[in-house]
Amino acid sequence: MEQRRLAEECPTTPSKADKLIFNSPANNRANNNMSSLLSNKIEALPRSFQFITLALSVFFFFGIHNVLQEAMINTEGFTFGVMLGWMEVLGVTLCSGLERSSL
């Protein structure tokens, strides 16, 4: 039976690698931008609140996406509704495949 390894001996997980990247000197120069300020505030919140906030944000922005898509389809002279749907599916498929292959 194989011996269990200590956490320090295991390969770096994405979360540990992210912390190394976030603490790099190149990233420290960019700490004054709005996204890192927002990121630092979100990280200070409890994990359950982070999850709820981000999950609600996904639903909110997906709702906005649907409203805009319906507005495009209902525009006078717009005849590409089926093509719009296929392009959305293709875009989600390609981007999710790219994301999975880069992890």
Side-chain angles (χ1 to χ4, degrees):
M1 181 183 257
E2 187 177 322
Q3 292 271 341
R4 292 184 67 172
R5 296 186 297 176
L6 297 174
E8 294 82 25
E9 298 171 348
C10 293
T12 305
T13 61
S15 60
K16 289 180 183 176
D18 290 343
K19 288 178 184 176
L20 293 174
I21 292 169
F22 288 136
N23 292 330
S24 70
N27 190 47
N28 289 336
R29 290 188 295 271
N31 278 341
N32 292 331
N33 65 20
M34 188 61 158
S35 64
S36 58
L37 291 175
L38 181 61
S39 174
N40 290 338
K41 289 181 181 180
I42 290 175
E43 287 179 358
L45 299 172
R47 291 185 59 84
S48 59
F49 190 74
Q50 287 179 21
F51 175 76
I52 291 168
T53 302
L54 294 175
L56 290 175
S57 297
V58 167
F59 283 107
F60 174 74
F61 288 110
F62 186 70
I64 290 174
H65 163 267
N66 287 340
V67 167
L68 292 173
Q69 190 171 15
E70 286 295 322
M72 282 178 22
I73 290 174
N74 292 329
T75 301
E76 185 76 29
F78 186 80
T79 58
F80 303 105
V82 173
M83 185 58 85
L84 180 66
W86 279 109
M87 288 298 113
E88 182 178 1
V89 169
L90 180 65
V92 169
T93 303
L94 292 176
C95 290
S96 64
L98 179 67
E99 180 183 31
R100 289 183 61 85
S101 67
S102 66
L103 293 177

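Note that the structure is a prediction, hence the values are computed from the model and not measured.
Listed here is the closest heavy atom pair of Gln69 and Glu88: NE2-OE1, 3.0 Å.
The CG atom of Leu45 lies 11.0 Å from the CD1 atom of Ile52; values are rounded to the nearest 0.5 Å.
In this pair, Phe78 and Phe80 present their aromatic rings perpendicular. The plane angle is above 60°, beyond the 30 to 60° band.
Met72 and Leu90 fall within a single hydrophobic cluster, where Ile, Leu, Val, Met, Phe, Trp and Tyr are joined by side-chain heavy atoms under 4.5 Å apart, directly or via other members. The cluster map of Ile, Leu, Val, Met, Phe, Trp and Tyr, joined by side-chain heavy atoms under 4.5 Å apart, puts Leu94 and Met87 in the same cluster.
Sorted pairs that involve residues 37-61 and meet ring-ring contact (aromatic ring centres under 6.0 Å, His included), not counting sequence neighbours, are lacking altogether.
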